[in-house]
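Working notes, structure below.
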Amino acid sequence: MHIPDIIIAIDGYSSTGKSSFARLIASEFSFLYLDSGAMYRGVTLMAIEKGFIDADCHTDTAGLSSALKSFDLHFTMTEDGSKTFIGNRCIEKEIRSMEVSGKVSPIAAIPCVREFVDMRLREFGKRKRVVMDGRDIGTTVFPDAELKIFMTADLEVRARRRAGEMAAKGEKVSIEAVMANLKERDYIDSHRKTSPLSKAADALVLDNSRMTLQDQMVWIRGVIKERFGNVSD
Ligand code: DC
């Protein structure tokens, strides 16, 4: 199916399968997929490594803000899709660790961090044919995106999916620990002052608690046909 040059913004709670869905959309419609959460995770990894977060999880915001001025965090396109790099170091694995997951939400709530990431994300919007997932893509990063989706799913379903993904990568964690992490992140993400996670007024809600990825693709093809009319198969 060929669809017009649009931006697809996918927001929603943690571990609702936004990135798997967005990747599949990108491959089906020849769009570029960008994972905005990876940018916040990259900043968090740098903050941990440079000692800007102390043992009580307090952040040296002034130090972090100054480090961001020369922080070379970027996406590099590979045959395997876009990957996150600091300079020439690929950080895809490190940014998915429990340590980064446990610290990323407070870091993502810091206004200078959001400014840093937003600037990089908006660069990609200029080219269109982009599908980006995150928490504020449809509300703040691309408020004019032509198609906005807000994803949600039951907490336990999300925790089981995330624990399964982590086990596949060799990191064993209990469902309870993942549920606690997801709950905490949802709370911080939706209650922060700057660009909190919220559904854009014109976003379509997709609850995928009982849907497979294939079901979700059937759903989005229907939405696209309805919204953009005569798209060719
Ligand atoms: O999608 P994720 O789990 O990789 O996101 C990691 C964190 O980054 C998450 O706790 C919220 C934050 N985030 C954000 O605040 N805004 C975005 N657009 C994307 C992610």
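Both ligands and their constituent atoms are indexed starting at 1 by order of listing.
The single protein non-hydrogen atom nearest to atom 18 (N) of ligand 1 is Asp136 OD1, 2.8 Å, given as residue, atom name and distance. Atom 12 (C) of ligand 1 has as its closest protein heavy atom Ala108 CB, 3.7 Å. Shortest contact from atom 16 (N) of ligand 1 to any protein heavy atom: Arg114 NH2, 2.9 Å. For atom 6 (C) of ligand 1, the closest non-hydrogen atom on the protein side is Arg41 NE, 3.7 Å. At the top of the distance list for atom 10 (O) of ligand 1, counting protein heavy atoms only, stands Ser105 OG, 2.7 Å. Ser36 OG, 3.2 Å is the protein heavy atom nearest to atom 19 (C) of ligand 1. Tyr40 CB, 3.6 Å is the protein heavy atom nearest to atom 8 (O) of ligand 1. Looking at atom 1 (O) of ligand 1, its nearest protein heavy atom turns out to be Arg135 NH1, 2.9 Å.
A salt bridge is absent between Asp207 and Lys199; no separation between the charged side-chain nitrogens and carboxylate oxygens falls under 4.0 Å. With respect to the salt-bridge test (charged N to carboxylate O, under 4.0 angstrom), the residues Arg135 and Asp11 do not qualify. For the pair Asp35 and Lys83, the salt-bridge criterion is not met [side-chain N within less than 4.0 Å of a carboxylate O]. Classification of Lys103 and Glu99 as a salt-bridged pair holds, one side-chain N sitting under 4.0 Å from a carboxylate O. A salt bridge links Arg160 and Glu156; the closest N-O separation between the charged side-chain nitrogens and carboxylate oxygens is under 4.0 Å.
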Determine, stepwise, if the pair Asp189 / Tyr13 fulfils side-chain hydrogen bond (donor to acceptor under 3.5 Å, both in side chains). CA-CA 8 Å; Asp189 293 343; Tyr13 295 103; over 6 Å; no

Mind running side chain to side chain contact (heavy atoms under 4.5 Å, CB included) on Thr139 and Ser195 for me, showing each step along the way? CA-CA 8 Å; Thr139 50; Ser195 310; 5.6 Å; no

Donor-acceptor pairs under 3.5 angstrom involving side-chain atoms of residues 41-58: please list them, not counting sequence neighbours.
residue: Arg41; atom: NH1; partner: Ile95; partner atom: O; Å: 2.8
residue: Arg41; atom: NH1; partner: Ser101; partner atom: OG; Å: 3.1
residue: Thr44; atom: OG1; partner: Tyr40; partner atom: O; Å: 2.7
residue: Glu49; atom: OE1; partner: Arg89; partner atom: NH1; Å: 3.1
residue: Glu49; atom: OE2; partner: Arg89; partner atom: NH2; Å: 2.8
residue: Asp54; atom: OD1; partner: Asp56; partner atom: N; Å: 2.9
residue: Asp54; atom: OD1; partner: Cys57; partner atom: N; Å: 3.1
residue: Asp54; atom: OD1; partner: His58; partner atom: N; Å: 2.9

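Neither the backbone nor the side chain of Asp11 comes within 4.0 Å of ligand 1, counting heavy atoms alone.
Of the polar atoms of Arg192, at least one N or O is found under 3.5 Å from an N or O of ligand 1, judged by distance alone. Annotation: Asp189 places an N or O atom under 3.5 Å from an N or O atom of ligand 1; distance criterion only.
Each of Thr152, Asp154, Thr16 was evaluated against Ser209; a single residue qualifies, Asp154, per the side-chain contact (heavy atoms from CB on, under 4.5 Å) test.
The closest non-hydrogen atom to atom 3 (O) of ligand 1, taken over Lys103, Arg185, Glu184, comes from Arg185.
For ligand 1, the atoms lying closer than 4.0 Å to a non-hydrogen atom of Ile137 are 18 (N).
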